[in-house]
Amino acid sequence: KKFATELKFCEEVLNELKKPKYQGINAPFLIPVDPVALGIPEYFKIVKSPMDLSTITDNLNSGHYTNSKDFEADIRLMFKNCYKFNPPSTAVNVMGQELEAIFNSEWQR
Ligand SMILES: Cc1ccc(Nc2c(-c3ccc(O)cc3)nc3c(C)cccn23)cc1
């Protein structure tokens, strides 16, 4: 896709994931994980490259992404981090799976 159109599509998908209608599942992903606030001091030992939707938004707006593949890589990194730290069937792990399913269906649009 043409560069500008490509990034416009990224912005649309990103905005969808952040919508209030998904607040039950996007909450852990809207802002950077705060290990102190969450009482998980081991977080940065387990997750070497933190990523979240606000950081991805800043990256998109600052021209950090040169194509949609780089944008997609950070989205996927965010979910991988979630599954690495939050064991299967925990609330946050399930929220990650649900939000990832929404991303996947939007991304194929
Ligand atoms: C004791 C404990 C256990 C699990 C969590 N996970 C967690 C995460 C999280 C998100 C992404 C991620 O890569 C890692 C963690 N976000 C939260 C929130 C917003 C509320 C409650 C728990 N949360 C917090 C504390």
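Small disclaimer: the values here were computed from a predicted structure and weren't measured. Note that ligands are numbered from 1 as they come in the structure, with each ligand's atoms numbered from 1 the same way.
Under 4.0 Å from any atom of ligand 1, one finds heavy atoms of residues Pro28, Val33, Leu38, Ile40, Tyr43, Asn81, Cys82, Phe85, Asn86, Val92.
Checking Thr90 against Asn93 by side-chain atom types alone, no donor-acceptor pair falls below 3.5 Å. Using modelled atom types and a 3.5 Å distance limit, the side chains of Tyr83 and Gln97 yield no donor-acceptor pair.
Using a 4.5 Å cut-off on side-chain heavy atoms (C-beta onward), Phe44 and Pro35 make contact.
Transitive grouping of hydrophobic side chains (ILVMFWY, heavy atoms separated by less than 4.5 Å) brings Phe79 and Leu14 into a common cluster. Note on Met95: it clusters hydrophobically with Leu53, by side-chain heavy-atom contacts below 4.5 Å among ILVMFWY residues.
A donor-acceptor pair under 3.5 Å is absent between the side-chain atoms of Glu6 and the main chain of Asn67, judged by distance alone.
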